[in-house]
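In what follows, a single structure is set out as structure tokens and then discussed.
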Protein chains: 2
Amino acid sequence: MSPRTSPPGDREAAQVAGAPLRADAARNVAQIRAAAIAAFRGRGLDTPLEEIAAAAGVSKATIYNRFGGRAGLIDAVIGKLVAAEMYAIMDKALQVADPWQAIATYVTDRRDLQYREPAFTDALLMTYPDSGQLAAIATAAIDMTISLVQRGHDAGVIRRDFTAEDLYYADVANGLALRKLPRPARQDYDRRIRFFLDSLRPR
Amino acid sequence: MSPRTSPPGDREAAQVAGAPLRADAARNVAQIRAAAIAAFRGRGLDTPLEEIAAAAGVSKATIYNRFGGRAGLIDAVIGKLVAAEMYAIMDKALQVADPWQAIATYVTDRRDLQYREPAFTDALLMTYPDSGQLAAIATAAIDMTISLVQRGHDAGVIRRDFTAEDLYYADVANGLALRKLPRPARQDYDRRIRFFLDSLRPR
DNA sequence: GGTTAACTTGACCCGATGGTTAAGTTAACC
DNA sequence: GGTTAACTTAACCATCGGGTCAAGTTAACC
């Protein structure tokens, strides 16, 4: 069972083109999207909607009109935020022939994404299960770790007692620390990634 | 510089005996303390005070009357919750002669405490700096890791690039994951402690 | 058992946030 | 340029949590 690496229902065209938006509504959608991306980057997916609305120059109610609520807004921008990169990271890892290198590449790239986009941790945690895109990312990420760890065990390149859950737990822990603590210097962060990778090798 | 292993101002006698409490007030203090300990154990140090008051059978205002607020309440019960155990853990580690065993013992005991008492993570994070006891625990814990890592490096029993900050970061990350994710089975948790300890050894 | 100071508390106020709606505004089309 | 449906929004309600206070209650002491 190799994991899915593309989103189930890619709705880049936010509105599904059921009915064309009026000019002012379309303009607002664009402004809200831009504001949401910036806000989610800076403060996480739990940024107050009122703040996003203010940044977009509209009223809070307009976000509800256009996106239905937070989950809809997340669905509309998560692709730009993390989904695209996440699926690229998974594809890249799947193409690495050496089982250990596949794991190392995947873990390194994923931690890098986590460092640059804290919102990715929200995806892992399924903080907003109402967002289909978010749930899809979480599922795909979990499938991916299961697959990679299986490959690693078959090839004997990771310690026997290491499980996919261990990897998931470690990534979530790292993401939570990134949000609560002052962001570590990149060199410290990278060093800790090396520690973690080293701890996976057979003894 | 060996770390302090006892609290600066041990105020087990909550009231400092400035003036004896009236009978009803003393009874309420006892009930609030018991309720707070249970609540802090179950939900963390950010449990709404109103909930603690209800469990104690008093009004929210009484907590403010008796303890001044959340920080005071934490100060009054943190000893029972984690301070006593934490200082015991530090003393125990300081008495282990072998530098590596000292680190292993300390990390293992501390993670065990973290598993049993999630409130300990709040101490590490200094979520409530107004609580003197909490701040003292955090400071002592940090001093302790610095001292242990220094000893480890002097004896060459841990990898050269490992720092005390790395240990702090890992412990905080672990504590946050413990609170956000469903609590892992003890055997999984212990295995992850072993992974972590293994990752500290020289390469 | 009466006086008083200690004590408790319901009822507030506040700010933050999610969510809804009536009423007004505006783009689009004839 | 008039009609209308789409659209926006200020105003509103609700919840939650911290924090305060006037007014009532009660323990303690004479």
Side-chain angles (χ1 to χ4, degrees), chain A residues 14-36 39-40 42-77 119 122 127-131 134 179, chain B residues 14-36 39-40 42-77 119 122 127-131 134 179:
Chain A
Q15 291 305 316
V16 200
L21 283 177
R22 230 173 63 176
D24 51 352
R27 203 183 324 128
N28 286 338
V29 164
Q31 283 164 341
I32 292 169
R33 279 174 130 267
F40 287 162
R43 290 195 39 175
L45 297 187
D46 55 351
T47 306
L49 293 185
E50 196 149 22
E51 193 171 301
I52 295 173
V58 301
S59 151
K60 176 180 53 157
T62 301
I63 293 184
Y64 284 93
N65 287 339
R66 297 288 120 241
F67 298 92
R70 182 181 304 279
L73 183 55
I74 290 174
D75 268 351
V77 302
D122 290 311
T127 314
Y128 301 101
D130 287 348
S131 161
L134 219 49
R179 274 200 291 183
Chain B
Q15 290 305 317
V16 200
L21 283 177
R22 227 173 66 176
D24 50 353
R27 203 183 325 127
N28 287 338
V29 163
Q31 283 164 341
I32 292 169
R33 279 176 130 265
F40 288 161
R43 289 196 38 176
L45 298 186
D46 55 351
T47 306
L49 293 184
E50 196 149 21
E51 193 171 301
I52 295 173
V58 301
S59 151
K60 178 179 52 158
T62 300
I63 294 185
Y64 284 93
N65 287 340
R66 296 291 120 240
F67 298 93
R70 164 165 271 113
L73 182 55
I74 290 174
D75 268 349
V77 302
D122 289 311
T127 314
Y128 301 100
D130 286 348
S131 161
L134 220 49
R179 273 201 290 183

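Heavy-atom basis, side chains included; hydrogens, waters and symmetry copies ignored.
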Smallest separation among heavy atoms of B:Val77 and B:Ala36, with atom names: CG1-CB, 4.3 Å

Whole angstrom value for the distance that separates C1' of C:dT21 from CD1 of A:Ile63: 17 Å

Please find the pair of heavy atoms, one from B:Val29 and one from B:Leu21, that lie closest to each other, and give the distance. CG2-CD1, 3.8 Å

Can you tell me the distance, in whole Å, between the CZ atom of B:Arg22 and the P atom of C:dA6? 9 Å

d(A:Ile32 CD1, A:Ile63 CD1) to nearest 0.5 Å is 5.0 Å

How close do A:Arg70 and A:Leu45 get, counting heavy atoms only, and between which atoms? NH1-O, 2.9 Å

Interface polar pairs with nucleotides 15-19 of chain C, N/O, under 3.5 angstrom:
unit_1: C:dG18; atom_1: OP1; unit_2: A:Arg70; atom_2: NH2; d: 2.2
unit_1: C:dG18; atom_1: OP2; unit_2: A:Leu49; atom_2: N; d: 3.3
unit_1: C:dG19; atom_1: OP2; unit_2: A:Tyr64; atom_2: OH; d: 3.3
unit_1: C:dG19; atom_1: N7; unit_2: A:Lys60; atom_2: NZ; d: 2.9
unit_1: C:dG19; atom_1: O6; unit_2: A:Lys60; atom_2: NZ; d: 2.2

OP1 or OP2 of C:dT8 less than 4.0 angstrom from a side-chain nitrogen or oxygen of B:Asn28, does that happen here? yes

So if I take every side-chain heavy atom of A:Ala25 and compare against C:dG10, D:dA10, D:dT8, which nucleotide ends up nearest? D:dT8

Can a side chain N or O of B:Thr62 be found less than 4.0 Å away from OP1 or OP2 on C:dT9? yes

For the pair made of CG in B:Leu21 and C1' in C:dT8, what is the distance, rounded to whole Å? 13 Å

A:Arg27 CZ to D:dT9 P, straight-line distance once rounded to whole Å: 10 Å

Of all the heavy-atom pairs spanning A:Phe67 and A:Leu73, show the shortest one and how long it is. CB-N, 3.8 Å

Which is true for A:Ala23 with a 4.0 Å heavy-atom rule: it touches a base, it touches only sugar-phosphate, or it touches nothing? sugar-phosphate

Are B:Asp122 and B:Arg179 within salt-bridge range, i.e. N to O under 4.0 Å? yes

Write down the atom of A:Arg43, the atom of A:Asp46, and the distance for their closest heavy-atom approach. O-OD1, 3.3 Å

Sugar-phosphate only, base, or nothing, as touched by B:Asp24 at under 4.0 Å among non-hydrogen atoms: sugar-phosphate

For DNA chain C, what is the dot-bracket line, given that a base pair needs Watson-Crick (N1 to N3, plus N6-O4 or O6-N4) or G-U wobble (N1-O2 and O6-N3) geometry with both distances under 3.5 Å, and | means paired with another strand? ||||||||||||||||||||||||||||||

Does the side chain of B:Thr62 pick up a donor-acceptor pair with the side chain of B:Asn28 at under 3.5 Å? no

Least distance between heavy atoms, A:Ala71 atom then A:Asp130 atom: CB-CB, 3.6 Å

Starting at atom CG of B:Asn65, determine the distance to atom P of D:dT20, rounded to an integer number of angstrom. 11 Å

